[in-house]
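Worksheet: one structure, shown below.
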Amino acid sequence: MIQPNVASTVERRLLVNYRVDPGIAARLLPAPLRPQLIRGHAVAGICLIRLGDVRPAWAPVRTGLRSENAAHRIAVEWDGPHGVETGVYIPRRDTTSRLSTLVGGRLFPGVHHRADFDVRETPDHLDIAYTSRDHTTRVRATAAVTESLTESLTDSALFTDLAEASAFFRSGSKGYSATRQHHLDGMTLDTDAWHMETCRPLSVESSFFDDPDRFPPGSATLDSALLMRDLPARWQPLPAMATA
């Protein structure tokens with residue numbers, strides 16, 4: 001698969017985070033991936049991201065596309081040639097972009113599913129909902145942007161403060177996506193303007209995390225939410241990873 005370097009602007013990236021039983025998370029991962037643990041918990045979540053100016057890295061900004069996207073993610077680690085590496089495994093991607101649906105898994109990493117998004121957003125409040133057109137995935141997340149670090153992360157069992165959370169997610173910038181073949185497509189997020197804000201999740205509904213067959217009661221608990229806005233970003237391909 002030919003994967004071009006892609007440039008874009010991350011207009012909004014809301015990370016909704018769950019702490020998950022490590023054994024349950026491990027069941028969802030293909031070898032050689034394993035859950036990356038923090039304070040005894042696996043970390044999973046939903047990335048709700050609006051991308052603007054999406055284009056090949058060599059193309060001018062005015063030619064770029066805009067789309068709403070979602071990725072269900074599990075923080076993972078694996079043994080690389082120089083030691084343990086970290087990133088995320090993405091079992092499901094959804095998008096408003098017809099192009100991403102057509103070329104995902106061919107010219108762009110990971111299979112993408114078409115979805116319809118309903119977004120209501122202000123500088124201080126986010127309400128993002130979507131339903132996939134195959135009717136298998138449904139998410140609604142509302143969050144308030146906060147200025148108080150204590151208020152926003154008091155209930156988190158994963159992170160003690162914003163600095164720790166930000167470092168964790170920055171170290172997981174490599175993402176590997178499920179494909180129709182026996183390998184994983186990879187891409188890394190690179191930005192010189194990494195910045196996160198704290199959020200307070202008000203309510204979250206997810207057909208993925210609320211599924212009792214996938215996550216038995218008590219095995220996945222909403223933990224926290226974090227926000228990134230208006231970041232120039234480059235998406236660079238990684239070598240495919242073989243799976244067992």
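Of the charged side-chain nitrogens involved, at least one lies within less than 4.0 Å of a carboxylate oxygen, so that D192 and R234 count as a salt-bridged pair. Comment: R27 does not engage D21 in a salt bridge, judged by the lack of any side-chain N to carboxylate O separation of less than 4.0 angstrom. Electrostatic pairing of R140 and D127 counts as a salt bridge here, judged by a charged N lying under 4.0 Å from a carboxylate O. Salt bridge R138/E205: absent, no basic N to carboxylate O contact under 4.0 Å. Under the 4.0 Å criterion applied to side-chain N and carboxylate O atoms, E68 and R50 are assigned as salt-bridge partners. Checked for salt-bridge contact, D134 and R92 meet the test: a charged N lies under 4.0 Å from a carboxylate O.
Taken from CZ in R12 to CG in L126, the straight-line distance is 6.5 Å, to the nearest 0.5 Å. Rounded to the nearest 0.5 angstrom, M228 CE and I49 CD1 are separated by 8.5 Å. In this structure, M187 CE and S173 OG are separated by 12.0 Å, a value rounded to the nearest 0.5 Å. Here the CG atom belonging to L238 is positioned 9.0 Å from the CD atom belonging to E85, to the nearest 0.5 angstrom. Atom CD of E77 is separated from atom OG of S171 by 10.5 Å, given to the nearest 0.5 angstrom. The NE2 atom of H72 sits 8.0 Å away from the CG atom of L48 when rounded to the nearest 0.5 Å.
Between L222 and P201 the shortest side-chain heavy-atom distance falls below 4.5 Å. Between V88 and Y176, every side-chain heavy-atom pair lies at or beyond the 4.5 Å cut-off. Looking at heavy atoms from C-beta onward, T137 lies out of side-chain contact with T131 at the 4.5 angstrom threshold. Proximity of I24 to P216: side-chain heavy atoms (C-beta onward) are separated by under 4.5 Å at one or more points. In this structure, the side chains of V20 and V43 stay at 4.5 Å or more apart for every pair of heavy atoms. Using a 4.5 Å cut-off on side-chain heavy atoms (C-beta onward), L51 and T9 make no contact. Taking the side chain as every heavy atom from C-beta outward, R73 and L15 approach each other to under 4.5 Å. No side-chain heavy atom of Q36 sits less than 4.5 Å from a side-chain heavy atom of V76.
Between the side chain of S177 and the backbone N or O of I90, no donor-acceptor pair lies under 3.5 Å. Looking at N69, its side chain does come within 3.5 Å of a backbone N or O of S67 through a donor-acceptor pair. Side-chain N or O atoms of R229 include none that pairs as donor or acceptor with a backbone N or O of V10 at under 3.5 Å. No donor-acceptor distance shorter than 3.5 angstrom exists from the side chain of T146 to the backbone of R200, with no hydrogens or angles considered. At least one donor-acceptor pair closer than 3.5 Å links the side chain of S132 to the backbone N or O of T136. The main-chain N or O of A193 is found under 3.5 Å from a side-chain atom of T191 such that the two form a donor-acceptor pair. Between the D211 side chain and the S207 main chain, no donor and acceptor come within less than 3.5 Å of each other.
Between the side chains of Y130 and D116, no donor N or O sits under 3.5 Å from an acceptor N or O. Checked by atom type, the side-chain pair N17/S224 shows a donor-acceptor distance below 3.5 Å.
Tracing side-chain contacts under 4.5 Å through hydrophobic residues (I, L, V, M, F, W, Y), one reaches L33 starting from I74; they form part of the same cluster. Hydrophobic clustering (ILVMFWY, side-chain heavy atoms < 4.5 Å, transitive): V16 and V119 are in one cluster.
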Please assess I38 against R19 for the test side-chain contact (heavy atoms from CB on, under 4.5 Å), listing each intermediate value before the final yes or no. CA-CA 9 Å; I38 181 167; R19 53 185 184 268; over 6 Å; no
Does the side-chain contact (heavy atoms from CB on, under 4.5 Å) test come out yes or no for E11 and R66, once each step is laid out? CA-CA 9 Å; E11 296 181 354; R66 194 169 189 247; 3.0 Å; yes
Could you check R34 against D79 for salt bridge (charged side-chain N to carboxylate O under 4.0 Å, His left out), going step by step and ending with a plain yes or no? CA-CA 10 Å; R34 56 185 182 265; D79 296 321; 2.9 Å; yes
For ring pair (Phe, Tyr, Trp, His ring centres under 6.0 Å), just list the numbers for F209 and Y18, CA-CA rounded to whole Å, side-chain angles, deciding distance to a tenth of an Å, and then say yes or no. CA-CA 9 Å; F209 288 102; Y18 288 77; 4.0 Å; yes
Which is it for W78 and V84 under the side-chain contact (heavy atoms from CB on, under 4.5 Å) test, yes or no, and what are the steps along the way? CA-CA 6 Å; W78 64 94; V84 175; over 6 Å; no
Evaluation steps, side-chain contact (heavy atoms from CB on, under 4.5 Å), between T188 and W235: CA-CA 6 Å; T188 185; W235 307 85; over 6 Å; no
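For A42 against A25, the heavy-atom pair with the smallest separation is CB-CB, 3.7 Å. Contact record, H183 with A240: CD2-CB, 3.8 Å, taken as the closest heavy-atom pair. The two atoms that bring A157 and R39 nearest to each other are O-CD, 3.7 Å, heavy atoms only. Taking all atoms of both residues into account, the shortest heavy-atom contact from P123 to V145 is O-CG2, 3.6 Å. The two residues A115 and F117 make their nearest non-hydrogen contact at CB-CE1, 3.9 Å. For L227 against C199, the heavy-atom pair with the smallest separation is CB-SG, 3.6 Å.
F169 has its ring centre no less than 6.0 Å from the ring centre of W194. Between F208 and F215, the distance separating the two ring centers is shorter than 6.0 angstrom.
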